[in-house]
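Beneath this line is the structure, given in structure tokens, with notes to follow.
Note on naming: letters A, B, ... go to the chains in the order of the sequence lines (proteins, then strands), and numbering restarts at 1 for each one.
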Amino acid sequence: MNYKSFNESLLSWYYEVRRDLPWRQTNDPYKIWLSEVMLQQTQVKTVIPYYNRFIDKYPTLDSIADESSENLLKEWEGLGYYNRIRNFHEAVKEVKSSYHSKVPDNLNEFLKLKGVGPYIGGAVQSIAFNHRVAAVDGNVLRVMTRLTEDDRDISKQKTITSIKEHIETFMPIFAGDFNQAMMELGATVCTPRIPKCVTCPVQSYCESFKNNTVNQYPFKKKSKAKKEYYYNIYLILNDNNEVYLYKETDDLLQGMYKFPKYDIDTSIENIEDKLNLTLSSLTEPIGEEKHVFTHKVWYMNIYVVYTKDKNDHFVPLSNVRDLPMSVAMQKVYKYIDETI
DNA sequence: CATTCGTGGTA
DNA sequence: TTACCAAGAAT
């Protein structure tokens with residue numbers, strides 16, 4: 001393959017059609033980095049409002065480094081993969097204290113930071129500093145495996161590393177534009193289903209198009225079935241118009257607030273002991289909710305119970321919205337708005 | 001290396 | 001409804 005003319009075809013297409021995304025309006029490495037953290041496993045359309053809110057509220061690296069982790073988690077609420085913001089917060093604090101608030105423009109230094117892996121490393125170093133490093137995401141894997149009829153399993157790290165090294169043998173000096181062009185091609189033309197090969201700017205270089213095997217790529221081994229979990233969720237109200245909440249520290253959704261959540265075979269007496277509360281007798285659940293995660297499913301029965309007790313776990317109903325809560329718990333909380 | 005981490009959208 | 005996917009990283 002003539003990579004020189006491939007690069008020219010790809011880049012001239014990109015300069016003509018590229019979308020005007022918010023993070024393309026800046027050269028600030030901090031902002032580009034933040035956008036890449038938000039974009040992992042998350043669609044552009046979902047990220048845009050979060051990115052704009054963050055930049056509005058935290059315009060500089062120092063401003064986000066100085067914010068509390070709980071406020072950041074609240075801003076991240078609904079975006080998912082909450083460890084991303086925890087790691088990013090740690091990383092920017094490290095940049096502030098050890099790098100004079102300047103994002104390292106050295107790949108190996110940058111990769112030492114929390115939450116910075118091969119993709120974000122390549123993306124930020126190429127886009128912000130124009131270093132010649134590949135940024136290999138799901139789009140790029142799809143484009144490359146189709147271009148070269150690569151049968152390897154793209155869920156394996158070895159395959160990703162190999163493709164990254166291959167790209168770095170031919171990518172041009174316009175590294176940031178090249179990486180974004182590859183991703184843009186995957187996102188808008190070389191799409192997972194019904195790719196637009198007819199209008200593809202690099203169709204003439206594509207082995208799978210030539211052999212009519214595009215739909216065989218990329219190959220990925222099938223994911224395991226999701227495990228199912230059955231819980232009772234308790235909305236515990238006292239006579240101060242307060243509801244019981246706790247901050248998760250061990251399980252899924254760390255740092256987020258949850259209503260008491262127990263396996264369905266846990267007795268109400270057992271729960272009273274664990275929470276040190278005296279609860280009203282249990283009636284029928286007021287609702288059921290299903291929440292699907294990447295790798296598990298929660299089935300939740302929602303109960304309302306009352307108590308005369310008060311302690312630090314009780315939050316006024318008017319303040320619950322100020323705390324970070326996952327979408328699963330928001331589904332539960334809506335029963336308070338609707339039925340109480 | 002395989003598994004674990006959210007959420008919303010689509011066919 | 002079910003399965004897969006989206007600018008992946010930590011463990």
For this session: Send over the distance from K221(A) NZ to dC5(C) P, rounded to a whole Å.
Result: 12 Å
Exercise. For L185(A), which contact category applies under a 4.0 Å heavy-atom criterion: base, sugar-phosphate, or nothing?
Worked result: nothing
Problem set entry | Length of the NZ-C1' vector between K220(A) and dC5(C), whole Å | 7 Å
Problem set entry | Within residues 127-157 of chain A: residues closer than 4.0 Å to DNA chain B (heavy atoms) | K156(A)
Exercise. From the list dA7(C), dC5(B), dA9(C), which nucleotide is the closest neighbour of the side chain of K296(A)?
Worked result: dC5(B)
Exercise. So what does R18(A) hit on the nucleic acid, given a heavy-atom distance under 4.0 Å: a base, only sugar-phosphate, or nothing?
Worked result: nothing
Exercise. Under the ring pair (Phe, Tyr, Trp, His ring centres under 6.0 Å) criterion, do F174(A) and F178(A) qualify, and how do the steps go?
Worked result: CA-CA 6 Å; F174(A) 312 106; F178(A) 172 85; over 10 Å; no
Exercise. Rounded to whole angstroms, how far apart are NZ on K224(A) and P on dA3(C)?
Worked result: 15 Å
For this session: Measure up the F88(A) and Y30(A) rings against each other and bin them: parallel (under 30°), tilted (30 to 60°), perpendicular (over 60°).
Result: parallel
Problem set entry | Y262(A) and Y234(A) aromatic ring geometry - parallel, tilted or perpendicular at 30°/60° bounds | tilted
Exercise. Roughly how far apart, to the nearest Å, are dT1(C) and dG6(B) at atom P?
Worked result: 24 Å
Exercise. Would one find more than 12 heavy atoms of other residues, nucleotides or ligands at under 6.0 Å from atom NZ of K57(A)?
Worked result: no
For this session: Kindly state which residues belonging to residues 158-181 of chain A come within less than 4.0 angstrom of DNA chain B, counting heavy atoms of the residue only, listed by number.
Result: K158(A)
Exercise. Mind checking whether F259(A) and Y333(A) have parallel, tilted or perpendicular rings, split at 30° and 60°?
Worked result: parallel
Problem set entry | L279(A) with L235(A), same ILVMFWY side-chain cluster at under 4.5 Å | no
Seminar exercise, completed: Note: for K222(A) and G117(A) on DNA chain C, the residue whose nearest nucleotide lies more 5' is K222(A)
For this session: In whole angstrom, give me the gap between the C1' atoms of dA2(B) and dA7(C).
Result: 23 Å
Exercise. Ion pair present between K93(A) and E90(A), side-chain N to carboxylate O less than 4.0 angstrom?
Worked result: no
Exercise. Which part of the nucleic acid, if any, lies within reach of W76(A) when heavy atoms closer than 4.0 Å are counted: base, sugar-phosphate only, or nothing?
Worked result: nothing
Exercise. How about N276(A): does its CG atom have over 12 heavy atoms from other parts shown lying under 6.0 Å from it?
Worked result: no
For this session: Look at the aromatic rings of Y231(A) and W298(A) and report parallel, tilted or perpendicular, splitting at 30° and 60°.
Result: perpendicular
Exercise. Expressed in whole Å, how much space separates the P atoms belonging to dT2(C) and dC5(B)?
Worked result: 22 Å
Seminar exercise, completed: Atom CG of L111(A) and atom C1' of dG8(C) are separated, to the nearest Å, by 13 Å
Exercise. Reading nucleotides 6-11 of chain B from the 5' end, what letters show protein touch, with B for base, S for backbone sugar-phosphate only, - for no heavy atom under 4.0 Å?
Worked result: BBS-BS
For this session: Can you label the angle between the Y3(A) ring and the F170(A) ring as parallel, tilted or perpendicular, going by 30° and 60°?
Result: parallel
Problem set entry | Residues, nucleotides or ligands: over 12 heavy atoms within 6.0 Å of K74(A) NZ | yes
Exercise. Reckon S35(A) touches a base, only the sugar-phosphate, or nothing at all at heavy-atom distances under 4.0 Å?
Worked result: nothing
Seminar exercise, completed: Separation of dA10(C) atom P from E90(A) atom CD, nearest Å, is 11 Å
For this session: Would you mind checking if R146(A) and E207(A) are paired as a salt bridge, meaning a charged N to carboxylate O distance below 4.0 Å?
Result: no
